[in-house]
Enquirer: 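Got a structure for you, questions after.
Every number for a ligand or one of its atoms is a count from 1 in the order of the listing. Numbers here are sequence positions counted from 1.
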Amino acid sequence: MSEEKKRILTGDRPTGRLHLGHYVGSLANRVKLQKEYETFVLIADLQAITDNFENPKKVEENVRELVIDYLSIGIDPKITTIVIQSQVPELAELTFYYMNLVNLGRLQRNPTVKAELKEKGLEKNIPVGFLLYPVSQAADITGFDADLVPVGEDQLPVIEQTTEIVKRFNNLYGKTLKEPDTLVGSFPRLIGTDGKAKMSKSLGNVIELSESKESLRKKVMSMYTDPKRVKADTPGKVEGNPVFIYHDAFNPNEAEVNTLKERYKKGQVGDVEVKEKLFIALENFIKPIREKRAKIEKDPAFVDKVMKSGSEKGREAAIEVTKRVRKSLGIDNYY
Ligand code: TRP
């Protein structure tokens, strides 16, 4: 039966703890779909190194953290395979073949890559390894024969390049690779606590899924709201207001949220009350995650096992695809 299941492949760079933006962008989908799909989740340490090659220690330290984050939010290692990218050298091999199918200008025009280069101040001095990460991501996705890739909205231009590579490969060498679909979450790009367009660690506007209660309270109480609203009796704006966006995303009590919105629009509720209620909703959401994390942290041998057995199983899947790719390229049968 499991052989008929369609496959999911998705992943994250191990550079820090996962946050609420990751959850509504992609993680919730992974947890929900893991029973329905044969799921592989990739800890993209090689990709993280393209971006942290001067500090690989940061990547090394965050691999385990990411595994623990996954397990804490409900990724079940009995049904989902957690794979460490560097332990599957076939992915680097596939990257090498795919590099021929992409030109420099196309990579430089990739909006996600462009935005990241700008953020890091690297536009004038582009590291080739970093520029190539969409090609390596195409290897990740095709290397597991993925049917579906659940990701946050910012990743869509990267997956689009995968599709182009797949088409080109299949055209040139015969149908070998699978073309993936994408799936973005209910809030594909969650706004930051500071009202900036995107929750992102580098912008310092995140709430982590393992945030402590004290720190959560502090972050919620200092969240950006409607800047035009100086007093509680000034009518306020709900649309685009991060506090209400988070209520919509994380407060299961819809009636409470609707009442708060109505009162806010009429100037009948203070920011503090809206934030207090948001804090309660978020604490209810994060508390079980935090507690599960604390338990898992006490069992490092279990985490080791998840990483090792997942990477081994992942490698088997990638070896199969790589054999097929070698065959299509005609480099499998010299002697
Ligand atoms: N680029 C993704 C990110 O920064 C991580 C990633 C690596 C990924 N390989 C992947 C996502 C394959 C989806 C599929 O979050």
Side-chain angles (χ1 to χ4, degrees), residues 7-27 29-30 33-34 37-52 58-59 62-63 65-67 69-70 75 80-88 90-92 94-95 98 107 110-117 119-120 129-163 165-166 177-185 188-190 198-203 206 209 310-311 314 317-318 321:
R7 273 201 189 160
I8 279 181
L9 179 286
T10 181
D12 301 280
R13 294 179 198 167
T15 51
R17 297 218 182 163
L18 296 172
H19 55 64
L20 296 181
H22 291 121
Y23 192 84
V24 289
S26 161
L27 299 172
N29 275 335
R30 302 182 198 175
L33 295 174
Q34 62 183 340
Y37 284 77
E38 183 183 8
T39 301
F40 292 85
V41 179
L42 193 73
I43 304 209
D45 57 344
L46 294 185
Q47 187 178 114
I49 286 175
T50 68
D51 173 16
N52 291 280
K58 174 174 160 193
V59 176
N62 277 297
V63 167
E65 290 300 317
L66 190 52
V67 178
D69 263 344
Y70 287 154
I75 300 240
T80 289
T81 309
I82 298 177
V83 187
I84 301 176
Q85 189 185 28
S86 59
Q87 305 310 300
V88 184
E90 287 70 23
L91 299 177
L94 292 175
T95 304
Y98 299 169
L107 285 166
N110 183 312
T112 305
V113 175
K114 239 168 126 171
E116 287 170 317
L117 287 170
E119 199 183 295
K120 297 172 210 301
F130 184 75
L131 192 67
L132 275 176
Y133 94 72
V135 181
S136 119
Q137 194 154 324
D140 300 340
I141 293 166
T142 58
F144 292 89
D145 273 336
D147 297 285
L148 187 67
V149 188
V151 279
E153 193 178 47
D154 63 311
Q155 290 295 304
L156 293 181
V158 181
I159 318 290
E160 205 178 302
Q161 286 215 264
T162 297
T163 306
I165 290 171
V166 169
L177 304 174
K178 209 175 243 180
E179 214 178 292
D181 287 326
T182 52
L183 178 70
V184 294
R189 188 185 289 257
L190 188 70
K198 185 184 157 192
M199 183 176 278
S200 147
K201 195 175 173 74
S202 49
L203 298 174
V206 310
L209 292 166
S311 298
V321 176

Enquirer: Within a strict 4.5 Å, meaning less than it, do heavy atoms of the I84 and D45 side chains meet?
Expert: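 SC-SC contact between I84 and D45 confirmed.
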
Enquirer: Yes or no on side-chain contact (heavy atoms from CB on, under 4.5 Å) for R17 and L209, after CA distance, side-chain angles and deciding distance?
Expert: CA-CA 8 Å; R17 297 218 182 163; L209 292 166; over 6 Å; no

Enquirer: Does Q137 reach the main-chain N or O of V158 with its side chain, forming a donor-acceptor pair under 3.5 Å?
Expert: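 Not at all, since once roles are kept as given, no pair shorter than 3.5 Å links the two residues.
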
Enquirer: Using a threshold of 4.0 angstrom between heavy atoms of the protein and any atom of ligand 1, which residues qualify?
Expert: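 Heavy-atom contacts below 4.0 Å: L9, T10, G11, D12, R13, A44, Q47, Q137, D140, I141, V149, V151, Q155.
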
Enquirer: Are V83 and V88 side-chain neighbours, meaning at least one heavy-atom pair lies under 4.5 Å?
Expert: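 The answer is yes, as the side chains (C-beta and beyond) meet within the 4.5 Å cut-off.
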
Enquirer: Please check if atom NZ in K120 has more than 12 non-hydrogen atoms from other residues, nucleotides or ligands closer than 6.0 Å.
Expert: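 Atom NZ in K120 is crowded, with more than 12 foreign heavy atoms closer than 6.0 Å.
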
Enquirer: Please report the closest heavy-atom contact between P14 and A48, naming both atoms and the distance.
Expert: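 Closest pair (atom of P14, atom of A48, distance): CD-CB, 3.7 Å.
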
